[in-house]
Chemist: 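First the structure, then my questions, so here it is.
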Amino acid sequence: MGKLEMQVIIAMKGHPGSGKSTLAHSIASALQIPLIDKDDIKDCTIPLHSSSPPSLLNDLSYHATWQIASTQLRLGLSVLLDSPLSRRSHLDRLLLLSSSSSARLLVIDCKPSDHAEWRRRLESRGAGGGGGGHKPATWPELEKLLEEYGGCTEYEMGDVAKLVVDTTSLPLEKLCSSALDFIFSHAAPAPLSNQI
């Protein structure tokens with residue numbers, strides 16, 4: 001595996017059970033870069049769930065994710081962020097992080113087309129206790145979450161480079177290979193213009 005020629009922030013995007021975390025782990029392992037998972041942070045807030053509004057704990061999880069990413073970027077590392085990236089304000093925060101660190105922001109959007117397979121994965125994870133207490137464990141719970149989003153998860157990304165992957169159409173190795181091709185194609189410094 002080659003080395004990245006410049007710092008990048010790779011942001012995963014996708015709904016629960018879409019396969020984004022599995023793909024994120026594969027990419028981070030291949031690139032040997034830090035993976036910062038918002039759910040790892042949110043899992044640590046479970047003792048606070050009975051006394052704090054869920055939206056506050058979710059926001060706290062995002063802020064901690066961005067703060068950890070900022071530290072890694074200051075150290076000169078590229079980072080991979082695993083979160084749903086469900087609101088435009090989350091992307092705006094990453095754009096600020098990208099600008100302040102001079103790292104290129106890349107988004108990998110996981111969109112499973114086979115809903116039966118997506119449902120199987122989600123409910124298999126839920127049955128195994130992999131929901132972390134705050135993720136949907138059944139298809140009806142996911143449908144309720146998507147209804148609450150009210151379409152806010154689909155937003156314009158401007159000139160941010162984005163790869164959309166169907167996580168139910170190809171094996172993980174091919175998905176990872178496609179994602180790495182995308183990352184390396186956007187991780188080269190811009191050529192210097194010839195000046196006289």
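Atom set for the values below is all heavy atoms of this structure, side chains included, hydrogens, waters and symmetry mates excluded. If you're wondering where the values come from, they're calculated on a predicted model, not measured in any experiment.
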Chemist: What residue among Arg125, Glu123, Glu117, Arg119 forms side-chain contact (heavy atoms from CB on, under 4.5 Å) with Arg121?
Modeler: Glu117

Chemist: Using a distance-only test with no angle check, is there a side-chain donor-acceptor pair under 3.5 angstrom linking Ser89 and Arg93?
Modeler: no

Chemist: Surrounding CD of Glu147 (heavy atoms of other residues, nucleotides or ligands, distance under 6.0 Å), is the total greater than 12?
Modeler: no

Chemist: Do Lys38 and Asn58 touch side chain to side chain, with heavy atoms closer than 4.5 Å?
Modeler: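 In short, these two side chains touch, coming nearer than 4.5 Å.
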
Chemist: How are the rings of His90 and Trp66 set to each other: parallel, tilted or perpendicular (split at 30° and 60°)?
Modeler: tilted

Chemist: Please report the C-alpha distance between Ile10 and Ser78 in whole Å, then the side-chain angles of each, then the deciding distance to 0.1 Å, and finally whether the side-chain contact (heavy atoms from CB on, under 4.5 Å) criterion is met.
Modeler: CA-CA 8 Å; Ile10 304 162; Ser78 291; 6.0 Å; no

Chemist: Less than 4.5 Å apart, side chain to side chain, heavy atoms only: is that true for Ile183 and Ile108?
Modeler: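 In contact.
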
Chemist: Got a salt bridge between Glu5 and Arg104, using NZ or NE/NH1/NH2 to carboxylate O under 4.0 Å?
Modeler: no

Chemist: Taking the six-membered ring for Trp, are His186 and Phe182 parallel (under 30°), tilted (30 to 60°) or perpendicular (over 60°)?
Modeler: tilted

Chemist: Side-chain contact test, heavy atoms from C-beta onward, threshold under 4.5 Å: evaluate it for Leu23 versus Leu172 and give yes or no.
Modeler: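 A side-chain contact under 4.5 Å exists here.
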
Chemist: Does Lys144 pair with Glu141 as a salt bridge, N-O distance under 4.0 Å?
Modeler: no

Chemist: Can you list the residues that meet the ring pair (Phe, Tyr, Trp, His ring centres under 6.0 Å) rule with His25, with sequence neighbours excluded?
Modeler: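 So His25 forms no ring pair (Phe, Tyr, Trp, His ring centres under 6.0 Å) with any residue.
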
Chemist: Test Thr167 against Thr22 for side-chain contact (heavy atoms from CB on, under 4.5 Å), laying out the working first.
Modeler: CA-CA 10 Å; Thr167 51; Thr22 301; over 6 Å; no

Chemist: To the nearest 0.5 Å, what is the distance between CG (Leu91) and OG (Ser86)?
Modeler: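 It comes to 11.5 Å.
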
Chemist: Within the structure provided, determine whether Val160 and Leu94 are in side-chain contact (heavy-atom separation under 4.5 Å).
Modeler: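 Not touching, per the 4.5 Å side-chain cut-off.
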
